[in-house]
S.K.: 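Sharing a structure with you now.
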Amino acid sequence: MNRIARYAAVALILGLALTLTLAFQRDPHDIKTGTVGKPAPAFALPSLTGSETVSLDQYKGKIVVLNFWASWCIPCKEENPALTDVWERYRGTDVVLIGIVFQDSADAARDYTTRLGNTWACALDGDGRMALSYGVFGPPETYFIGADGIIAGRHIGPIDEQTLMTGIETLRAKSATR
Amino acid sequence: MTTARWIIIAAILAVGLAIAWTARPQPLSAAERVDRISAELRCPVCQGLSVQDSPSETARSMRALVAQRVAEGRTDDEIRAEFVRSYGDWILLSPPLLSFSGLVWLAPLAAIVLGAALAWSRARAPAPAPIVAGPTDEELRRLRELVASEPE
């Protein structure tokens with residue numbers, strides 16, 4: 001019986017060590033639960049700049065980088081230069097950057113984009129339903145949607161240029177092999 | 001059977017019926033359903049608060065969505081499933097038993113069962129046999145020699 005107890009204790013310790021190893025390996029910015037790996041929920045939201053609508057459907061077959069932001073969000077300001085650089089690099093290609101205004105007023109958001117010179121499409125998620133359908137925790141949060149319409153990845157917190165490029169190029173390579 | 005026993009049985013039955021009557025499923029109003037579902041959902045931007053208890057903007061949006069789904073005639077399971085699709089099982093304050101998060105229920109049970117099994121097997125194990133063998137002839141001889149060599 002003592003032998004069984006010893007085996008059980010060793011198994012418990014090994015299990016704990018394995019669990020901790022797996023937990024510490026995980027990148028907290030890359031939460032895979034929820035919508036990742038599933039079709040991106042459709043949306044059609046009012047554009048921040050005009051009367052037109054921004055919808056996921058209009059970008060069918062393209063790689064979509066969806067960035068949730070707000071003018072009151074300090075980390076959003078931190079990541080803005082990376083988004084600007086990537087937008088300039090991929091503008092007019094098969095990659096689209098869409099900003100989704102999260103829990104913010106249209107006026108404050110418009111003022112923010114004017115001040116920072118952002119020119120990519122932005123949409124207002126007035127009632128927050130679209131953010132809920134994507135499983136957003138809070139801004140800034142970025143989703144990578146492949147040309148197949150599947151959410152390939154998600155980044156929580158301010159994103160840098162390297163992460164954006166890696167996410168986009170991985171999806172481009174995947175599209176090229178299809 | 002004596003009258004006293006009949007009275008005890010009747011009292012137990014009465015208490016059982018009263019408990020069953022109180023615990024019977026009752027139809028809830030739409031507002032009560034919204035409250036109940038909101039209380040089961042975790043507020044994503046809070047620390048351990050339910051959507052029902054949180055004053056945050058996100059919780060307000062979630063509550064409004066729950067209310068809309070209830071008004072549309074969706075079942076509680078369908079509404080919960082919609083949030084689980086977006087946020088995973090994590091969004092449920094009480095994770096389902098048959099999921100990875102369900103380990104929070106199963107692990108303590110497994111530990112109790114394992115502990116009980118260990119305690120039971122220890123209790124059933126025969127007590128260690130007492131040492132009944134006496135000293136050997138050689139040991140006796142050496143003892144006698146020692147005693148004999150002791151000064152008076």
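Being a predicted model, the structure only gives us computed values, none of them experimental. Per chain, numbering begins at 1; letters A, B, ... match sequence-line order.
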S.K.: With respect to chain B, which residue among Asp127(A), Leu12(A), Val136(A) yields the maximal number of heavy-atom pairs within a distance under 4.5 Å?
M.R.: Val136(A)

S.K.: When you group the ILVMFWY residues by side-chain heavy-atom contacts below 4.5 Å and let the links chain together, are Ile156(A) and Phe83(B) in the same group?
M.R.: yes

S.K.: May I ask you to list the residues in residues 39-46 of chain B that approach chain A closer than 4.5 angstrom, counting heavy atoms only, ordered by number?
M.R.: Pro44(B), Val45(B)

S.K.: Under a 4.5 Å side-chain heavy-atom rule over Ile, Leu, Val, Met, Phe, Trp and Tyr, are Trp90(B) and Val66(B) clustered together?
M.R.: yes

S.K.: Measuring from Lys38(A):NZ to Ser86(B):OG, what's the distance to the nearest 0.5 Å?
M.R.: 8.0 Å

S.K.: Go through the atoms of Glu82(B) and report whether side chain, backbone, both or neither lie under 4.5 Å from a heavy atom of chain A.
M.R.: neither

S.K.: Can you establish whether the number of heavy atoms outside Arg142(B) located under 6.0 Å from its atom CZ is more than 12?
M.R.: no

S.K.: About how many Å separate OG1 of Thr35(A) and CZ of Arg85(B), when rounded to the nearest 0.5 Å?
M.R.: 11.5 Å

S.K.: How long is the gap from CD on Gln103(A) to CZ on Arg60(B), to the nearest 0.5 Å?
M.R.: 8.5 Å

S.K.: Under the 3.5 angstrom rule, does the side chain of Tyr87(B) hit a backbone N or O of Tyr134(A) as a donor-acceptor pair?
M.R.: no

S.K.: Can you tell which part of Ala111(B) gets under 4.5 Å to a heavy atom of chain A, answering side chain, backbone, both or neither?
M.R.: neither

S.K.: Are Phe68(A) and Leu45(A) joined in one hydrophobic group, where the rule is that I, L, V, M, F, W and Y side chains link up if heavy atoms are under 4.5 Å apart?
M.R.: yes

S.K.: Check whether more than 12 heavy atoms from other residues, nucleotides or ligands sit under 6.0 Å from atom CZ of Arg124(B), and answer yes or no.
M.R.: no

S.K.: Among Pro41(A), Gly128(A), Ser133(A), Ala131(A), which has the most heavy-atom pairs under 4.5 Å with chain B?
M.R.: Ser133(A)

S.K.: Are Leu97(A) and Met165(A) co-members of a hydrophobic cluster defined by side-chain heavy atoms under 4.5 Å apart?
M.R.: yes

S.K.: Are Phe102(A) and Met130(A) linked, directly or through other ILVMFWY residues, by side chains that come within less than 4.5 angstrom of each other?
M.R.: yes

